[in-house]
There are 2 protein chains.
Amino acid sequence: MSEQAVRSRSTYRHGDLRRALVEAGFAMARAGGPGAIVLREATRTAGVSPNAAYRHFADRNALMLAVSGVAQGLAADVMEQTLAQLPASGDPATDARARLRAVGRAYLRFARDEPGLFRTAFSVPEDMARAFAPDKAGESGRTPFQILGAVLDELVEAGVLPPERRPNAEFLAWSSVHGLGMLVIDGPLYGLTDDLIERTTEHLLDMVDRGL
Amino acid sequence: MSEQAVRSRSTYRHGDLRRALVEAGFAMARAGGPGAIVLREATRTAGVSPNAAYRHFADRNALMLAVSGVAQGLAADVMEQTLAQLPASGDPATDARARLRAVGRAYLRFARDEPGLFRTAFSVPEDMARAFAPDKAGESGRTPFQILGAVLDELVEAGVLPPERRPNAEFLAWSSVHGLGMLVIDGPLYGLTDDLIERTTEHLLDMVDRGL
DNA sequence: GTCGGATTGTGTACGTCGTTCACATCACGC
DNA sequence: GCGTGATGTGAACGACGTACACAATCCGAC
C-alpha cells in the first residue's frame, strides 16, 4: 500500500499519484471523517509537493468526493457480504424480509464500525443523479443504493410490499437507518450504550418492516 | 442586534461579548452550517481582537456547541408553533397521530428552510445526557426531544401506540425524519425536486405512523 | 475612598492550511 | 530527435486556530 509512497521516490513522476492521494485521504477519513482529510498531508504521505495534488483534483473537495466514492464502495461490500451470509429459509416472503433487515443492519454496523468512513461516504453532498456512478460500487459492481433497491424489489416479488408502495421506497428505508446512524455517531444520540443502540436498531428495523 | 457590535466601540469592555460571538456564529452557521463558523470572523464582527473569544469559549468547538444550542432552540420553536396551529378534531386518536405527523413535518421543514442551522443543531456531537439542557429549549422551555416525547405520550394515552412500544420510541421517529433531512440537504439525495421531497416526506410519515 | 486582585481585552507570534503562479522535468507522438 | 502536453516543484499569499505575555478595567475589602 504505502511501500514506495513514504520513502522519497527516485523518479520525477510518481507513477500513480492520484491513487496514492485517494488512499492517503481514505486513511485520514477513516480516522476522523471527511473533515479530517487534509490535502497537504495527503501529498506528504505520497512523498510529493503540495501542489502536485492539483494535477489530479480541482481542489480539496474533489479529493473528498473521490474518497467518498471509495467509502461508499466499501459500504456496499459490507452489505453484499452480509446478504451473502444469510441462510435461505425456503419461504420467499420471510427471506425477502430478512434480507431487508440484513441490509439495514449492515448499514448501521458499518456506521458504528467505521464512523469516519460512514460520514465520508454518506454525508458529503452529491446529487442522486450520480448515486449510480460505478466508482461508488463495491466489488460486486453495485452501489449501496442499488443493493437496497434490489432487496425492495424482492419484497414486491414475494408479495410482501404492495407494488404501489414500491416507488421511492429506497428513500424511506434508507432515511430511517441513515438517521439512526448519524444521530448515534455524530449527533445528540452520541454516547448511547452499545446495548441500547443494538436494541434500538432492531426496533427501528421492526418499524420499517411494518410500515414500509 | 448588531447595533454597537460592528462600529468600533469606545469602552474597553465589550459588555456582552459572549452573546455577540454566539450571534455572529449563528449568522455564519445559518449561511453555511457548523463548518462555516469561524472564530476570528466572529470576533471581527464583534469589534474585538481574536483572542478575546478565549475569555468566553475554550476553543472554536465550544463556540460551535453554544451556537448549536441556540439552533436547537429555534428548531423547538418551529415545532411548537406548528403544533399550536393544528386544529383539534375532537377524536384523541386522530389528533395524536396528526400531532406526531406535524412534529415530523416541522422538523423536515426546518431542515429545508434552514439547512445550515439544521446541521448545526443536530449534527454536532453531544451526548443524549445533555439533550435536556435548558439552553437548547425554545421559548416554550422544551427541547425538540422533549416535544417529540410529549407527542408520543399522547399517542399512548389515546390508545394508538401500545405502551410496550413506547420506550425509546423517540429514537425511531427521530431517526426517520432526521435521516431524510440529512440525505436531502447534505447527502446523496441532494438535488431532489421539491415536489419529490414533499411526497417522500408524507410517505415517510405514513411509514412511521404505521410502523411505530 | 483606595487599593489589589480577578476579569476581560490587546499585541505579537507560530504553525498549518488551501490555493495560485511561474517554472522545471519528463514521456511520447510526429 | 524534437517539441508539446502532462506532471511535479518552489516560493508565496492570505486565511485560520491558538498560545503567551501584557494592558485596561471592574469590584469588593478595608
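Throughout, a chain's letter reflects where its sequence line sits, starting with A, and its residues are numbered from 1.
Straight-line distance from the CZ atom of A:F57 to the P atom of D:dG8: 11 Å, rounded to whole Å. What separates CZ of B:R18 from P of C:dG9 is a distance of 12 Å, to the nearest Å. Atom C1' of nucleotide C:dT10 and atom CZ of B:R13 are separated by 12 Å, given to the nearest angstrom. Rounded to whole Å, atom P of D:dT7 lies 11 Å from atom CG of A:D16. Here C:dT16 presents its C1' atom at 14 Å from CE of A:M28, a figure rounded to the nearest Å. Atom CG in B:L21 sits about 12 Å away from atom C1' in C:dT8, given to the nearest Å. What separates CE of B:M64 from P of D:dT18 is a distance of 11 Å, to the nearest Å.
Between B:R166 and B:E157, none of the side-chain N atoms (NZ, or NE/NH1/NH2) sits under 4.0 Å from a carboxylate O, so this pair counts as no salt bridge.
For C:dT7, the OP1/OP2 oxygens have no side-chain nitrogen or oxygen of B:H56 closer than 4.0 Å.
In this pair, A:F122 and A:H178 present their aromatic rings perpendicular. The plane angle is above 60°, beyond the 30 to 60° band.
For B:R105, the CZ atom is densely surrounded, since the number of other residues' heavy atoms within 6.0 Å is greater than 12. Residue A:E202 places its CD atom among more than 12 non-hydrogen atoms of other residues, nucleotides or ligands, all under 6.0 Å distant.
If you check distances only, the side chain of B:R55 never reaches the base of C:dT7 with a donor-acceptor pair under 3.5 Å.
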N/O-N/O pairs, protein side and nucleotides 15-17 of chain D side, under 3.5 Å:
| unit_1 | atom_1 | unit_2 | atom_2 | d |
| --- | --- | --- | --- | --- |
| D:dC16 | OP2 | B:R44 | NH2 | 2.4 |
| D:dG17 | OP1 | B:L39 | N | 2.9 |
| D:dG17 | OP2 | B:L39 | N | 3.3 |
| D:dG17 | OP2 | B:R40 | N | 2.9 |
| D:dG17 | N7 | B:R40 | NH1 | 2.6 |
| D:dG17 | O6 | B:R40 | NH1 | 3.0 |

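Contact annotation: the side chain of A:F110 approaches that of A:L117 to within less than 4.5 Å [non-hydrogen atoms, C-beta and beyond]. Taking the side chain as every heavy atom from C-beta outward, A:L39 and A:Y54 approach each other to under 4.5 Å.
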